[in-house]
Amino acid sequence: MGTEPDRQPDTNTTLPPSSYTLHQKNSQQSELEGAILQVSKSAYPALILSAINLAALSKARKLVRGYPSVIQCTAYSGIFAASAYALKSDDWVNGSGIASVWSAIWLFFNARNALKSRQTAPIAMTVAVASIGSIYGYRYSTIGRI
């Protein structure tokens, strides 16, 4: 019963190269990820979104197609300024969460009208909200992992 020889672990077990490379990060990919995470720590992109919505107020008052309403421009400007304040206070969790979620809400309510208008400024505004919201959304999704 107790006469079995001690088994040595098999030292010849290596991962096949194909599965090993799937788990390695490309250096170019990690540089891009580092750049995105560095930008997402800054409050300036959120301030840019606040300023864009504030600047759109003049067109919203004139009811130009493709722009959010006056109430929306005012509210989004304040919300993005609040997220910038949170980011400036080194509260990256709440700041990036506020900016990413409210960017998604902005896109839900305004992207279709901006694209239908075929005007450069509303489409550029939509692209800015989508890209900056994506940066903060990526930051928010990686908070537990970094």
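Applying the side chain to side chain contact (heavy atoms under 4.5 Å, CB included) criterion to S83, with sequence neighbours excluded, gives A46, F80, I98, A99. By the side chain to side chain contact (heavy atoms under 4.5 Å, CB included) test, Y85 is found to be paired with S89, residues two or more places apart in sequence or in another chain being considered. Residues satisfying the side chain to side chain contact (heavy atoms under 4.5 Å, CB included) test with A81, not counting sequence neighbours, are S50. Every side chain to side chain contact (heavy atoms under 4.5 Å, CB included) that I36 has, sequence neighbours left out, goes to L32, I135, Y138.
The line from CZ of F109 to CD of Q72 is 7.0 Å long, rounded to the nearest 0.5 Å. Rounded to the nearest 0.5 Å, atoms OH (Y76) and OG (S69) are 8.5 Å apart.
For the side chain to side chain donor-acceptor pair (under 3.5 Å) condition, no pair includes a residue of residues 119-137, sequence neighbours left out. Within the structure, every pair that satisfies the side chain to side chain donor-acceptor pair (under 3.5 Å) test and touches residues 51-60, not counting sequence neighbours, is listed here: N53-W106.
For N110 and N113, the side-chain atoms include no donor-acceptor pair closer than 3.5 Å.
Looking at heavy atoms from C-beta onward, P68 lies in side-chain contact with C73 at the 4.5 angstrom threshold.
Side-chain N or O atoms of R139 include none that pairs as donor or acceptor with a backbone N or O of V39 at under 3.5 Å. Using modelled atom types, no side-chain atom of S77 and backbone atom of T74 make a donor-acceptor pair closer than 3.5 Å.
Linking ILVMFWY residues whenever their side-chain heavy atoms come closer than 4.5 Å, directly or via other members, places L49 and F108 in the same cluster. Note on W92 and I48: same hydrophobic cluster, where clusters join Ile, Leu, Val, Met, Phe, Trp and Tyr whose side-chain heavy atoms are under 4.5 Å apart, directly or indirectly.
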| L57/Y67 under side chain to side chain contact (heavy atoms under 4.5 Å, CB included): CA gap, chis, key distance, verdict | CA-CA 9 Å; L57 269 172; Y67 287 93; over 6 Å; no

